[in-house]
Every structure is written in structure tokens, then in C-alpha cells.
Trainee: 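What follows is a structure written as C-alpha cells; I'll ask about it next.
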Amino acid sequence: MSEAPRARIAGYQADPERIGRVLLLYSGGLDTSVMLHWIQRRYGVEIITLTVDLGQPGEDWKAVLGKARVLGAVDAIRIDAREEFARDYVLPAIRANALYGGGYPLFTALARPLIAKLAVEQARRTGCDTIAHGCTGKGNDQVRIDGTIATLDPGLKVIAPVREWEMGRDEEIAYAREHRIPVRGGSERPPYSIDDNLWGRSSEGRSIEDLEQPPPEDVFNLVTRPEQAPDEPELLRVGFERGCPVSLDGERLELVELIERATELGARHGVGIVDQLEDRIVGLKVRDIYEVPAAAILMPAHRDLERLVSTSHQNGFKRMLEDKWAYLCYAGLWHEPLHADLDAYMDSANAHVTGELTVKLYKGSASVVARSSPYALYDSALAGFGESGGEVSQQAGPGFIELFTLQSRLAHRVRHRGDGVDDRREERR
Ligand code: ARG
């Protein structure tokens, strides 16, 4: 471990000589527990911890706060931010069909701007001038957290001890042992780096890094292996209003509870396992194993409903904006004005995304098998085979085709002039 003061690269980084009081974003895991001890020793300052509940399944919050106090925190704050997370972060992502790299529903990326915002608020309230967090110097989260803090309050400073202390996992465990810091699950090396909340769970590191091997069985903690899922399919009805999921099987639910139930159902049926090779903002490629059962049910359902109620022009255009939305979120640019511009579009595009979908859950798949909406731009009388009359005349077809293909036909003729075929055709006229 190096004790030499580090050079500050960015203006928002704390000057070690001038740290007053620190607000530490605390999960209760190894990194932030070691950090809680290390910062007090290294800088001789008071620490207040902030723990944010975003619906991480199975967390014992009392134990986490107790541990913070035992390790010397002058105060340990917990905020239940589940509702705000669902309403202001997950819902816009659903409306934007936001997937990064084709498969990642962004649960970690969505949580970071909220965590950073709460940290700024609590730092101000408790008289802290510096925020500390457990992000590494190789990941996306540092970009999201540092960037959001520096945006929201340029007066606050940041420290990220993992970027400077030069301890590996084993050294951290040794440090923990030396200073009697309790380590969850004993003192073996924790097998994977986990992040989870209401909207999903990710695992990285260790044997997952071997791209040539399928993910080891012990990665999966949420979703049943599809092979072991029930042999009977289950049909689930999902109701939407203005792009927001509001009911399951006809029962109205608050968003947090709806997501939790969808998680349970999807997990039981082996739905939502994603093995993704991902391009980080910071350049590196990483392999993540995602378990995202709720997203795997709700997002395809939402997309299907959108397709039903929107015009072909709207459907085609929105895809392009969705990719940009997902990228800005992934990159931590939550407060970038373009993000608000895109959100305004997404809200408007979701104004009529109201209806009900039936999703079939079966051994790893969640597929939409039925849909209905008062705003459906679908008329079975028009679409059906063998129907005549009504608003669409079959005789109108050739006239449409003549005009619709006009420019393409002209271009083809002009470009192939002289190669024989089209000249002959013109002579025939
Ligand atoms: N790759 C995802 C992201 O950058 C998830 C990272 C989650 N962190 C973890 N330690 N598993 O948003």
C-alpha cells in the first residue's frame, strides 16, 4: 500500500491536505468497509456513511448500518430510494426501450446518477465537503459518479480510494483481517464482483473473464437455469398506461411491486439471462453476466405495444433515438441536455402506449403472444386476406406502386443505359 500523496489530475478531486468531513457511499461490502477504516487512518477525518436502498434483494440494512458505526462512522444514513428509482430512472428507460449493447437494461448505469444526487444532498445537509466512493479506476461507475457530482455541485470534492491505494483483493482481505474488519462470507476471496438492484443483477470478474468458457453455474443467483424451469408455460398479462407498466394479470400495482413480481415470475421461468461482451466507456471490453428477469418481460411487452399503436414513421424513428438514450445513460451523462431532449420525445411517443399484452413465460423465453389496445392502428378487417371493400380498395394497389417505385425505376434505367437490357425495353414501348 502506498501512502504517498497522489497528484490531482482533475479539479473536482480532493486535495488531501484540505479534506474536512467525508460522506462515504457505503454498501457494507469489502471495498467500502476497508475504505471506511482507511480514510480515517489516512486523512484523520470524520466520516458519515450513506447507504442507498435500490431494492437489492436480501440485504440486511440494519447489519450494514451497524457495521458502519462499528467501523467508526459518526453517522450512518440509509435512504430507501426504491420508489424514486423506479419512477424517475427505470420508467424512462422502459419508455426508451433502453438496452446498451443490445442486451443490458442499464440497471447499474441508471442507479448511479440517483446515488450521486443523494450523496450531494446528504453531503450538503451534514456539512461534508468531500464524497468518497468505492469505484475502481477501470470501470464505468467512476465516470457516472464523479461526473454527476461535479455537475450537480462544483463545490464538492471527490475521493475514490481504490484508484489510489494500490491494494488488490487479497491485500484488502489482509488489511481487513489486520484491522478486524468483518468480511461477509468469511475471508475467502469473494468469487465475483456483483452489483444489483430492483432492475437487475450483474456479475463480473474471476472465471467470467475466461471468454472461452460458458459462465460457471455458481454465477446465477436470481434466475433459475432454463433447463430446470417448470415444464408448464405460464401466461402473464401486463397492462400499460402511457408506456408505464401498471398491472399484472389485471391487478393494479405500484411500479416497485410490479417490478418485484415480474422479477419473481421471470426468475422462476429462467427468463432474463444475458451473457454480454461489452464496450466500457473507459475503453476496456468486459464480459458481464446479467440476470434481468423483469426487464426481459416488461421491455419486449412495451416494445410490442408501441409497435401496435405507433405509425411506421414513429416506430422507425424512435429506434435511432433509443440507441442514443441508452448510450447517454451508459456513459453517465444523465444531466446532459440532450438526455432531457430525448426524454421529452420518449414521453410524447408514449402518450398512447396504453393496452394489455400477454407474455408467455417458458424455459428461458418471454414472448408476447397476444396484445390489445384502444389505440391500436390495426384493423383486422383491413389486414385480413380475402377482404374486399372498406377503406382500402384492392384496385388502388397498382397506382400506388407506379408512384412509389418511380424514382427507383428511373435511377435504374439511367444507370444501366447502354448495357443493353433497358434500351431494349425502351424500344418495346
Ligand atoms: N457493465 C455494467 C455497467 O458498466 C455493470 C457493471 C456492474 N458492476 C459490477 N461490479 N458487477 O454498467
Side-chain angles (χ1 to χ4, degrees), residues 25-35 51-52 54-59 85 89-90 92-93 96 98-116 133-148 160-163 167-169 172 184-185 189-211 215-216 218-223 272-296 299 323 325-334 336 339:
L25 283 165
Y26 185 65
S27 70
L30 176 67
D31 287 336
T32 54
S33 296
V34 167
M35 202 168 290
T51 303
V52 184
L54 297 169
Q56 300 88 318
E59 276 294 351
F85 181 53
Y89 296 81
V90 176
L99 291 177
Y100 178 75
Y104 168 40
L106 291 158
F107 51 89
T108 297
L110 287 164
R112 296 309 178 255
L114 172 55
I115 292 172
H133 60 71
C135 303
T136 73
K138 288 188 183 179
N140 293 322
D141 281 342
Q142 54 171 345
V143 181
R144 299 165 181 153
I145 295 209
D146 287 13
T148 306
V162 181
R163 286 193 296 227
M167 285 192 276
R169 214 79 182 168
E172 276 185 58
R184 221 185 289 182
R189 301 172 69 174
Y192 306 107
S193 165
I194 308 293
D195 187 55
D196 61 355
N197 60 44
L198 202 56
W199 197 225
R201 171 187 169 93
S202 77
S203 309
E204 292 178 354
R206 314 303 306 281
S207 47
I208 295 170
E209 285 164 6
D210 184 353
L211 300 188
D218 66 351
V219 172
F220 301 102
N221 247 276
L222 189 59
V223 178
I273 294 176
V274 181
D275 179 338
Q276 175 153 304
L277 187 66
E278 192 167 287
D279 287 303
R280 282 189 182 157
I281 316 157
V282 290
L284 301 156
K285 285 191 194 287
V286 64
R287 182 202 204 178
D288 268 285
I289 304 298
Y290 295 123
E291 296 172 81
V292 288
M299 307 239 321
D323 281 347
W325 196 102
Y327 175 76
L328 291 179
C329 173
Y330 187 78
L333 297 174
W334 193 259
E336 152 65 43
H339 177 219

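Numbering of ligands and ligand atoms starts at 1, following listing order.
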Trainee: Does NZ or CZ of Arg144 come closer than 6.0 Å to the centre of the six-membered ring of Tyr330, within 45° of the ring's axis?
Mentor: yes

Trainee: Nearest to atom 10 (N) of ligand 1, what protein heavy atom do you find, and at what distance?
Mentor: Ser193 OG, 2.6 Å

Trainee: Indicate whether the side chain of Asp195 and that of Ser202 have a donor and an acceptor atom separated by less than 3.5 Å.
Mentor: no

Trainee: Under a 4.0 angstrom heavy-atom cut-off, which atoms of ligand 1 come close to Asp195?
Mentor: 7 (C), 8 (N), 9 (C), 11 (N)

Trainee: Quick one: sort the Tyr290 and Tyr104 rings into parallel, tilted or perpendicular, breaks at 30° and 60°.
Mentor: parallel

Trainee: To which protein heavy atom is atom 6 (C) of ligand 1 closest, and what is the distance rounded to 0.1 Å?
Mentor: Glu204 OE2, 3.3 Å

Trainee: With a 4.0 Å cut-off, would you call Asp141 and Arg280 a salt bridge?
Mentor: no

Trainee: For ligand 1, which is the ligand I care about here, please tell me if Arg144 has any N or O atom under 3.5 Å from one of the ligand's N or O atoms.
Mentor: yes

Trainee: Side chains of Trp334 and Leu328: closer than 4.5 Å at any heavy-atom pair?
Mentor: no

Trainee: For atom 2 (C) of ligand 1, find the nearest protein heavy atom and state the residue, atom name and distance (0.1 Å precision).
Mentor: Tyr290 OH, 3.2 Å

Trainee: Please say whether Asp141 places an N or O atom under 3.5 Å from an N or O atom belonging to ligand 1.
Mentor: no

Trainee: Taking only heavy atoms of Asn140 into account, list the atoms of ligand 1 that are under 4.0 Å away from them.
Mentor: 3 (C), 4 (O)

Trainee: Judged on heavy-atom distance to atom 12 (O) of ligand 1, which of Tyr104, Phe107, Tyr100 sits nearest?
Mentor: Tyr104

Trainee: For the pair Tyr100 and Tyr327, name the ring-plane relationship: parallel under 30°, tilted 30 to 60°, perpendicular over 60°.
Mentor: tilted

Trainee: Scan side-chain atoms only and decide if Gln142 and Arg163 contain a donor-acceptor pair under the 3.5 Å cut-off.
Mentor: yes

Trainee: Considering non-hydrogen atoms of the protein only, which is the closest contact for atom 7 (C) of ligand 1, and what is the distance?
Mentor: Ser202 OG, 3.1 Å

Trainee: Within a distance under 4.0 Å of any heavy atom of Glu278, pick out the atoms of ligand 1 and give their elements.
Mentor: 1 (N), 2 (C), 3 (C), 4 (O)

